[in-house]
Structures are given as C-alpha cells and as structure tokens.
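Comments concern the structure below.
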Amino acid sequence: MLKVLFLHGFFASGQCVPANALRDALDGRAVVLSPDLPLHPKEALVMIKQIISDEKPDILVGNSCGSFYAQMVASELGMPALLGNPHFRMTEFLKERIGEHQYKSPRKNGNQNFVIDEALIKEFEKLEAIQFDAWRPEMRDLIWGIFGEKDTLAHFEPLFLKYYSHSFHFPGGHTPTAEEVKEWYVPLVVRGER
C-alpha cells in the first residue's frame, strides 16, 4: 500500500483540510501520515527526516511552508514529492505577521497559540539561503509542483521551474479545499509514486 507523508502549511496542523481530504480520498489505497510540524524550521526538518527514516513513505506531499520543507528533504534524500503552492520565501510571509497567532486547525498537544518574532524569521532566513543546495539534475522529474490559479500568497512557479520540470495548475487558492485535493492533488499523488 502507498504511504504518503503530508506536510502542512505554517498556520495549519496535521488535521488541516488538505491532510484530511488526502486521507479520505486515499482510504484503502494509501496510508497518509500527517504530523503536527514544530513551529521552528530546524526542529520541523529533524522531525520530517525521523518520520521518513522510521516510516519510509513513498512520496512527500506539502502545502505552502510544508512544500518549502518537502523540497529540501526530497532533494536531499532523492524522494518523489508533490509541492502544493510552495512558499520559497517564508521570511517575506512572516515579516508581515509578527506577533501572536493561533493555528487554524487543531494541534494534538492542544496548544493553539504561537508567536512570530524576529528570531523565528532569522531561522527561516538561514534555511531559505540554502534551500536548493541539495538539488541535483536527477531531481528535475521527481519533484512536481501544483499551483492554485487564485493563490494570493505564494507566486513561486517561475522559481520552481528553474529546478523542476513538472508544473500543474488547479483553479483554487493558496490552501486547497477538500474537493480540490480530491480532484487535482490525488491523481498526481497516485501518478507521482514514480
């Protein structure tokens, strides 16, 4: 059975709409792992690599910040990945949102509050500078991107296409609805298990 590791966006959790939609749509065909990622990017990358080591997923699927992580890890480990609306410039996103926030979907530990501050932005800045360092030509066809035509947050398809060959579009926004995940993401996930 196919095993998928889904990496959620910055304000989300492992129980976000895209993760649950993937789980529902692939029920009986795939196991979908969708952990709550830590706020701090280095901790998130350590967790992702540990899950990959333990669970051996066939493909990574990300959304937004989760795609930022998926691109780095998939390149480093030589894994297939589907990057949904990848946000390759998280520092730009975070600088406009300094302060206290709440996650938009429930976290398993019950803590819904977090703070964006300069220290967190600097952590992302360091990773942004090296995010494509593990890329190599054989990854060009292994990592695919899917971009919402009404996305108002991340516009990184040109940057994606500098490194990767397969770019797809869907008629939605930055965070896909359950229906969009089922219609547009799932066929690529199943097909993408190269």
Does [X] reach the main-chain N or O of [Y] with its side chain, forming a donor-acceptor pair under 3.5 Å?
| X | Y | value |
| --- | --- | --- |
| His174 | Ser64 | no |
| Ser67 | Gly84 | yes |
| Glu118 | Lys95 | no |
| Ser13 | Asp36 | no |
| Arg107 | Leu37 | yes |
| Arg29 | Met1 | no |
| Asp117 | Leu120 | yes |
| Glu180 | Thr177 | yes |

Before we go on, tell me: are the rings of Phe114 and Phe11 under 6.0 Å apart, centre to centre?
yes
Where [X] and [Y] come nearest, the two heavy atoms and their spacing:
| X | Y | answer |
| --- | --- | --- |
| Ala44 | Pro38 | CA-CD, 3.6 Å |
| Met139 | Gly78 | SD-CA, 3.8 Å |
| Ala25 | Lys182 | CB-CG, 3.6 Å |
| Phe160 | His166 | CE2-O, 3.4 Å |
| Gln15 | Asn20 | O-ND2, 2.9 Å |
| Glu123 | Pro41 | OE1-CD, 3.3 Å |

For ring pair (Phe, Tyr, Trp, His ring centres under 6.0 Å), just list the numbers for Phe147 and Phe170, CA-CA rounded to whole Å, side-chain angles, deciding distance to a tenth of an Å, and then say yes or no.
CA-CA 6 Å; Phe147 298 87; Phe170 71 100; 9.1 Å; no
Hydrophobic cluster membership, with links at side-chain heavy-atom distances under 4.5 Å among I/L/V/M/F/W/Y: are [X] and [Y] in one?
| X | Y | value |
| --- | --- | --- |
| Leu83 | Leu161 | yes |
| Val181 | Leu2 | yes |
| Leu188 | Val17 | no |
| Leu7 | Tyr103 | yes |
| Ile98 | Leu94 | yes |

Are a donor atom and an acceptor atom from the side chains of Thr91 and Glu128 found within less than 3.5 Å of each other?
yes
Less than 3.5 Å apart, any donor N or O on the side chain of Gln71 or Tyr164 sitting next to an acceptor on the other?
yes
Pair Met47, Ile51 - check side-chain contact (heavy atoms from CB on, under 4.5 Å), show working.
CA-CA 6 Å; Met47 174 192 266; Ile51 293 169; 3.8 Å; yes
For Glu149, is the CD atom crowded, meaning more than 12 foreign heavy atoms sit under 6.0 Å from it?
yes
Would you sort out whether His169 and Ile146 count as a side-chain contact (heavy atoms from CB on, under 4.5 Å), showing the intermediate values?
CA-CA 5 Å; His169 295 129; Ile146 182 166; over 6 Å; no
Output the distance between atom [atom1] ([X]) and atom [atom2] ([Y]), rounded to the nearest 0.5 Å.
| X | Y | atom1 | atom2 | answer |
| --- | --- | --- | --- | --- |
| Phe124 | Arg89 | CZ | CZ | 13.5 Å |
| Ile116 | Glu96 | CD1 | CD | 10.5 Å |
| Trp144 | Leu82 | CH2 | CG | 8.5 Å |
| Ile121 | Glu125 | CD1 | CD | 8.5 Å |
| Asn111 | Gln102 | CG | CD | 9.5 Å |
| Asn85 | Lys150 | CG | NZ | 13.0 Å |

CA sep, side-chain torsions, deciding dist, call: Lys3, Glu55, salt bridge (Lys or Arg N to Asp or Glu O under 4.0 Å):
CA-CA 8 Å; Lys3 193 178 275 192; Glu55 298 288 341; 3.0 Å; yes
Would you say the side chain of [Y] lies within less than 4.5 Å of the side chain of [X], judging by non-hydrogen atoms?
| X | Y | answer |
| --- | --- | --- |
| Leu45 | Leu127 | yes |
| His8 | Asn63 | no |
| Leu39 | Phe10 | yes |
| Pro80 | Asp58 | no |

Using the ring of Phe93 (Phe, Tyr or Trp, six-membered ring only), decide whether Arg97 places NZ or CZ under 6.0 Å from its centre and within 45 degrees of its axis.
yes
side-chain contact (heavy atoms from CB on, under 4.5 Å) between Leu5 and Ile59: does it pass, once the steps are laid out?
CA-CA 6 Å; Leu5 176 55; Ile59 186 169; over 6 Å; no
With Pro57 as partner, the option from Val4, Ile48, Ile52 fulfilling side-chain contact (heavy atoms from CB on, under 4.5 Å) is Ile52
Please walk me through it: do Leu22 and Asp24 pass side-chain contact (heavy atoms from CB on, under 4.5 Å)?
CA-CA 5 Å; Leu22 264 184; Asp24 291 346; over 6 Å; no
Can you tell me how the ring of Phe88 sits relative to the ring of Phe132, calling it parallel under 30°, perpendicular over 60° and tilted otherwise?
perpendicular
